Number of protein chains: 2
Amino acid sequence: MKKYLEILKKCALFADIDDEKLIKMLTCLGAKVAAFDKKYTVFAEGSAAKYIGIVLSGTVQIVQVDYYGNRSILSEMGTAEVFAEAFACAEISSIPVTVIANEPCEVMLIDCSHILHTCENNCGFHQQLIFNLMKDLAKKTILFHQRIEVTSKRTTREKLMTYLAIQAKKAGSDSFNIPFDRQELADYLEVDRSGLSAEISKLRREGVIKCDKNRFTLL
Amino acid sequence: MKKYLEILKKCALFADIDDEKLIKMLTCLGAKVAAFDKKYTVFAEGSAAKYIGIVLSGTVQIVQVDYYGNRSILSEMGTAEVFAEAFACAEISSIPVTVIANEPCEVMLIDCSHILHTCENNCGFHQQLIFNLMKDLAKKTILFHQRIEVTSKRTTREKLMTYLAIQAKKAGSDSFNIPFDRQELADYLEVDRSGLSAEISKLRREGVIKCDKNRFTLL
DNA sequence: TAAAGTATGTTGAATTTTCAACAAAAGGAG
DNA sequence: CTCCTTTTGTTGAAAATTCAACATACTTTA
């Protein structure tokens, strides 16, 4: 586990916990590491909501796929970010989303019940972990609000511009990369891919944005 | 505060805390009660994200209103439900939503920093409160997933049917009341009101649903 | 009770999206 | 480098949404 220490220290779940303690903790929590190739399923929809995941390398996507195969991308998680925590913490039986590896990646899996319920060793770090989990969940909720702000817009153009404005603000610059290809961006914005491509071209012709691959510039 | 005890006991925030302790706790937390008439603003967008709210009577709506005045209803909270906790817990400076009284209502307001940070009296209930907050936030996240499942659908018909199916499941019956009027339902589903009315009529004519005011029946 | 205001249903025109099909460009494997 | 696959852009037709305007039903209150 030591090789992952530098990454885990950046993880919000382990904020305010010192290195030495962190290593011990991982053993006590029964943390496991798993690797997945690109496109492989980390958690399948309907599987038990038991584990909290932490991205150690690569990225994973949280997606919902409906009856007709329509995909909706809820979020993308990169290094040191936590995923599936809401399902495990809410103690629901199965998860309503699919988590897939967006590129080759390693993830750490922790049985959430080990975090929530005090163990026989009475390790004494559960409180800090629960506090950190709470903060993490609060921040995730804020991200959902942001996503709704984007997808509640009625036209592809408005959705795209709202999304880009948020990304620019996040990057602190009018020029920034987005973590999605065209199809993924469409699945995040909840619009048709070809319509999105057309709208991007239109905005480019109008001189509103510049765009090269997944790098956008607001003009 | 005693008059609200029966309501507060039902509040998830105070789960596993006994009556006597709860009363003391409220004083220590500096809980205040405020009343609002219908349509009045409980929290305005942009105001400080300081307080957690608990509905004591009536209902409040969490809404986002964009630059052009388009309203989007994120959720509606009834008796004993908690709201605005995510913003307070994430310790962001201002809230990105508006909370309005949907009918005359009373709400309890608690300064979140009193929950998150141990007080000088060292009351010892913070841990339980934080645990409860974490569970509450996890459940809110699940509700957001559900809302996205609804609004990610591309047509008014699909959005409506997905929403009604979830409500039926929640009610445990094919017949149920929804907490929205037509305009509010449209603002929740992110669709046009008149289009929604037309779609409801169509579904009724086709014999897919029955509907009287805000009572729906799936056939 | 009457009047005024609010909510709901209906309709047609304008706008926008979706869908399908294809062309062009980019990327990867051998 | 070439072939094959994937991604992106383009287009037109069909479908759906939005918008505006109005009729009707329901509520509130004076």
Side-chain angles (χ1 to χ4, degrees), chain A residues 37-39 61 66-73 100 102-104 150-164 177-206 208-216, chain B residues 37-39 61 66-73 100 102-104 150-164 177-206 208-216:
Chain A
D37 278 336
K38 183 169 179 170
K39 303 288 170 194
Q61 286 183 341
D66 74 11
Y67 186 78
Y68 301 101
N70 301 309
R71 174 177 72 164
S72 166
I73 297 182
I100 59 161
N102 195 41
E103 46 190 311
V150 170
T151 58
S152 70
K153 296 286 183 296
R154 300 300 164 83
T155 63
T156 300
R157 168 178 285 236
E158 279 186 301
K159 286 182 186 180
L160 177 60
M161 288 310 292
T162 306
Y163 174 75
L164 293 178
N177 290 300
I178 65 168
F180 299 128
D181 64 27
R182 291 291 181 275
Q183 182 64 61
E184 290 171 335
L185 180 57
D187 289 342
Y188 181 87
L189 300 180
E190 321 277 21
V191 298
D192 179 68
R193 180 200 60 78
S194 69
L196 173 62
S197 271
E199 198 62 49
I200 289 174
S201 299
K202 206 170 155 197
L203 285 164
R204 199 157 28 186
R205 278 198 302 277
E206 293 174 13
V208 180
I209 64 172
K210 276 206 303 190
C211 158
D212 179 49
K213 300 255 174 58
N214 65 341
R215 180 162 199 86
F216 285 78
Chain B
D37 278 337
K38 184 170 177 169
K39 301 291 170 194
Q61 286 182 343
D66 75 9
Y67 185 78
Y68 302 101
N70 301 310
R71 175 177 73 163
S72 168
I73 297 181
I100 58 161
N102 195 39
E103 46 189 311
V150 170
T151 58
S152 70
K153 297 286 184 294
R154 299 299 165 85
T155 64
T156 300
R157 169 178 286 235
E158 278 185 302
K159 287 182 185 180
L160 177 60
M161 289 309 292
T162 306
Y163 174 75
L164 293 178
N177 289 301
I178 66 168
F180 299 129
D181 63 28
R182 291 290 182 274
Q183 182 63 62
E184 291 171 334
L185 181 57
D187 290 342
Y188 181 87
L189 301 179
E190 321 277 22
V191 298
D192 179 68
R193 180 200 60 78
S194 69
L196 173 62
S197 271
E199 199 62 49
I200 289 174
S201 299
K202 206 170 155 199
L203 285 164
R204 198 158 27 185
R205 277 197 303 277
E206 292 174 14
V208 180
I209 63 173
K210 276 206 302 189
C211 157
D212 178 51
K213 298 255 174 59
N214 64 340
R215 181 162 197 84
F216 286 77

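No experiment lies behind these values; they were computed from the predicted model shown. Just so it is clear: chains get the letters A, B, ... in the order the sequence lines come, proteins before strands, and each one is counted from 1.
Taking the side chain as every heavy atom from C-beta outward, A/Phe216 and A/Tyr163 never approach each other to under 4.5 Å. Considering only heavy atoms from C-beta on, A/Leu196 stays 4.5 Å or farther from A/Lys159 through its side chain.
Taking NZ of A/Lys39 as the reference point, atom CG of A/Asn102 lies at 6.0 Å (rounded to 0.5 Å). Note that CG of A/Leu164 is 7.5 Å distant from CD1 of A/Ile200, once rounded to the nearest 0.5 Å.
The nearest heavy atom of DNA chain C to B/Ser201 and to A/Thr156 marks one nucleotide each, and the one closer to the 5' end goes with B/Ser201. The residue among B/Arg154 and A/Lys38 whose nearest nucleotide of DNA chain D lies closer to the 5′ end is A/Lys38. Position along DNA chain D of the nearest nucleotide to B/Lys202 versus A/Glu184 favours A/Glu184 as the more 5'-ward residue.
The residue B/Ser197 sits close to a base: some heavy atom pair falls under 4.0 Å.
Closest to the side chain of B/Lys213, out of D/dT8, D/dC26, D/dC19, is D/dC26.
Residue A/Lys159 contributes atom NZ, which lies 11 Å from atom C1' of D/dT17 at whole-angstrom precision. Separating the CG atom of A/Asp192 from the P atom of D/dA13 is a distance of 17 Å, rounded to the nearest angstrom. When the P atom of D/dA16 is taken as reference, atom CD of A/Glu190 falls 19 Å away, rounded to whole Å. Counting to the nearest Å, the P atom of D/dT10 and the CD1 atom of A/Ile200 are 10 Å from each other. Spacing between atom CG of A/Leu196 and atom C1' of D/dT8 amounts to 10 Å, rounded to whole angstrom units. Distance A/Gln183 CD to D/dT8 P: 9 Å, rounded to the nearest Å. To the nearest angstrom, P of D/dG9 lies 12 Å from CZ of A/Arg205. The nearest whole Å value for the distance from the CD atom in A/Glu199 to the P atom in D/dT10 is 12 Å.
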Exercise for the section: For the pair B/Asp192 and A/Arg154, evaluate salt bridge (charged side-chain N to carboxylate O under 4.0 Å, His left out) and give the outcome as yes or no after the intermediate values. Expected result: CA-CA 9 Å; B/Asp192 179 68; A/Arg154 300 300 164 83; 5.7 Å; no

Exercise for the section: Apply side-chain contact (heavy atoms from CB on, under 4.5 Å) to B/Tyr67 and A/Glu158, showing your working. Expected result: CA-CA 11 Å; B/Tyr67 185 78; A/Glu158 279 186 301; over 6 Å; no

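Once you apply a 4.0 Å limit to the heavy atoms of chain A, the touched nucleotides of DNA chain C run 5' to 3' over C/dT16 to C/dG27.
Donor-acceptor pairing under 3.5 Å, judged by distance alone, is present between the side chain of A/Arg193 and the base of D/dG9.
B/Glu199 is linked by a salt bridge (Lys or Arg N to Asp or Glu O under 4.0 Å) to B/Arg157, counting only residues two or more places apart in sequence or in another chain.
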